[in-house]
Amino acid sequence: TQGQVITCKAAVAYEPNKPLVIEDVQVAPPQAGEVRIKIFFTALCHTDAYTWSGKDPEGLFPCILGHEAAGIVESVGEGVTEVQPGDHVIPCYQAECRECKFCKSGKTNLCGKVRAATGAGVMMNDRKSRFSINGKPIYHFMGTSTFSQFTVVHDVSVAKIDPQAPLDKVSLLGCGVPTGLGAVWNTAKVEPGAIVAIFGLGTVGLAVAEGAKSAGASRIIGVDIDSKRFDVAKNFGVTEFVNPKDYDKPIQQVLVDVTDGGVDYSFECIGNVSVMRAALECCHKGWGTSVIIGVAASGQEISTRPFQLVTGRVWKGTAFGGFKSRSQVPWLVDKYMKKEIKIDEYITHNLTLGEINSAFDLMHEGGCLRCVLKM
Ligand code: NAD
Ligand code: AHE
Ligand code: ZN
């Protein structure tokens with residue numbers, strides 16, 4: 001198949017919120033600096049649903065969504081040296097080129113090399129898509145487009161992993177689990193004894209809990225409007241639960257009252273700007289730090305009284321938990337293989353690519369953390 005167009009199945013999003021359509025798509029060979037990957041498993045993340053909803057200013061249609069997956073390299077373009085056909089890999093929506101201003105800064109995991117192209121749904125070389133249906137181009141998404149049996153990504157967006165690792169499980173290391181763990185370890189740098197509040201107990205929030213537990217947090221307070229999430233959250237380290245619906249007063253006040261003045265760290269894992277405000281305002285005066293993880297729709301803005309920051313609270317955000325993707329995803333895979341981090345516990349459903357619309361329905365029903373699709 002090397003050097004040839006591959007025709008395979010992919011789920012195409014033609015329009016916001018219209019059911020995805022399983023189509024035969026043509027996947028062009030990888031050009032210089034590109035890698036074509038056979039995707040074996042992909043999970044669904046809330047961000048896929050967000051872009052599909054039409055609320056993402058970078059959302060382009062028709063496109064192939066998906067960014068949490070694992071597969072095997074089928075072929076590589078000219079100049080690609082770090083991976084070769086047969087390598088087991090995880091596509092990384094957050095690239096790492098090791099050469100750009102961002103990568104060299106030592107201050108961030110963001111990478112500037114291909115970001116403009118991935119945001120525009122195309123490949124960097126020729127600003128075109130490698131996906132088409134009967135000659136009509138279909139946009140890429142997040143530089144990954146994993147809802148396709150084959151995808152083409154930039155070489156700076158590929159993490160080579162241990163070939164022994166089960167691809168169905170480690171697909172989750174493409175987004176949600178590293179995001180939560182890294183938000184604690186890299187962005188907040190939670191220390192032993194700290195009091196932590198987590199808003200939203202989906203996969204990202206539960207991974208925050210797992211990270212906080214391993215960092216030695218003394219109290220991990222889970223906040224969710226769905227009380228069914230509390231039972232499962234215990235297994236990830238959450239020690240106390242608060243359902244905002246049980247209180248008349250603002251949730252930030254509830255948390256300040258039960259923590260002698262506020263939490264040391266809070267994490268917003270929902271994408272709701274009023275919850276982001278509450279998460280900042282439940283932090284302790286003088287040092288409390290709040291990390292925004294949730295992605296909010298176009299047009300939404302955060303606000304608080306500047307006095308909240310003047311008096312020492314810190315507002316931060318994180319993308320992919322601050323992990324350098326190509327360098328650290330393989331390390332996370334190794335940690336999973338050594339049973340130092342959970343993955344299996346986040347997978348509540350397994351379906352096939354053909355059932356992808358049902359998988360999105362499940363995601364909105366609750367009771368679902370991650371649904372993994374076999375391609
Ligand atoms: P999810 O839908 O599984 O979890 C969200 C949880 O929040 C649910 O349990 C829901 O009941 C709860 N919730 C909703 N409204 C609430 C409210 N007002 N108060 C309290 N709880 C509430 O989602 P997920 O897959 O865990 O993703 C969470 C967010 O993180 C999404 O916005 C996603 O787009 C974003 N995300 C960001 C990054 C990043 O790098 N920054 C990475 C992955 C995901
Ligand atoms: N296009 C969106 C941006 C969404 C966003 O913030 N994405 C996160 C990852 S979410 C993964 O589930 C991220 O890493 N952002 C950094 C980046 O460079 O995109 C919008 O709202 O504009
Ligand atoms: Zn995601």
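As the structure lists them, so they are numbered: ligands from 1, and atoms in each ligand from 1. From a predicted model like this one, the values you see are computed outputs, not experimental measurements.
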Taking 4.0 angstrom as the limit and counting only heavy atoms of Glu58, give me the atoms of ligand 2 inside it, by number and element.
1 (N), 2 (C)
Is there a donor in the side chain of Gln31 and an acceptor in the side chain of Arg130, or the other way round, less than 3.5 Å apart?
yes
Is any side-chain heavy atom of Leu181 closer than 4.5 Å to a side-chain heavy atom of Ile341?
yes
Check ligand 2 against Arg115 and write out every atom of the ligand that is under 4.0 Å from a heavy-atom position of the residue.
17 (C), 18 (O), 19 (O)
Using 4.0 Å as the upper bound for N to carboxylate O, is an ion pair formed by Asp87 and Lys160?
yes
I need the SG(Cys175)-the Zn ion (ligand 3)-NE2(His67) angle, rounded to 10 degrees.
110°
Near Cys45 (heavy-atom distance under 4.0 Å), the atoms of ligand 2 are 12 (O)
Would you mind running through ligand 2 and noting each atom that sits below 4.0 Å from a heavy atom of Pro57?
20 (C), 21 (O), 22 (O)
Where does ligand 1 get N/O contacts under 3.5 Å from the protein, atom by atom?
from, atom 1, to, atom 2, distance (Å)
ligand 1, 2 (O), His46, ND1, 3.0
ligand 1, 9 (O), Asp224, OD2, 2.7
ligand 1, 9 (O), Arg229, NH1, 2.9
ligand 1, 11 (O), Asp224, OD1, 2.7
ligand 1, 25 (O), Arg370, NH1, 3.0
ligand 1, 26 (O), Thr203, N, 3.2
ligand 1, 26 (O), Val204, N, 3.0
ligand 1, 32 (O), Ile270, O, 3.0
ligand 1, 32 (O), Val295, N, 3.1
ligand 1, 34 (O), Thr47, OG1, 2.7
ligand 1, 40 (O), Tyr93, OH, 3.3
ligand 1, 40 (O), Phe320, N, 2.9
ligand 1, 41 (N), Ile293, O, 3.0
ligand 1, 41 (N), Thr318, O, 2.8

Does a salt bridge link Glu240 with Arg219, judged by any charged N lying under 4.0 Å from a carboxylate O?
yes
Which atoms from ligand 2 have a heavy atom of Cys175 less than 4.0 Å away?
11 (C), 12 (O)
At less than 4.0 angstrom from any non-hydrogen atom of Ala319, what atoms of ligand 2 do you find?
13 (C), 14 (O), 16 (C)
So which protein heavy atom does atom 6 (O) of ligand 2 come closest to, and at what separation?
Val295 CG2, 3.8 Å
Below 4.0 angstrom, N of the basic side chain to O of the carboxylate: do Lys324 and Glu96 qualify?
no
Any idea which protein heavy atom is nearest atom 12 (O) of ligand 2, and the distance to it?
Thr47 OG1, 2.5 Å
Student check: side-chain heavy atoms of Glu301 and Val273 closer than 4.5 Å:
no
Is His67 near ligand 2, meaning one of its heavy atoms is under 4.0 Å from it?
yes
Quick one: are Asp224 and Phe230 in side-chain contact, heavy atoms under 4.5 Å?
yes
Could you tell me whether the Zn ion (ligand 3) has an N, O or S atom of His46 under 2.8 Å away?
no
Can you sort out which atoms of ligand 2 are near Asp56, meaning under 4.0 Å from one of its heavy atoms?
1 (N), 2 (C), 20 (C), 21 (O), 22 (O)
Return yes if a side-chain donor-acceptor contact under 3.5 Å exists between Gln4 and Thr1, otherwise no.
no
Note, Phe41 side chain near Val170 side chain (heavy atom, < 4.5 Å)
no
Number the atoms of ligand 2 from 1 as they appear, then name those within less than 4.0 Å of a heavy atom of Tyr50, with their elements.
20 (C), 21 (O)
Under a 4.0 Å threshold between the charged nitrogen and the carboxylate oxygen, would Asp231 count as salt-bridged to Lys228?
no
Checking Lys38 against Phe40: charged group under 6.0 Å from the ring centre and within 45 degrees of the axis?
yes
Between Asp24 and Thr7, is any side-chain donor less than 3.5 angstrom from a side-chain acceptor?
no
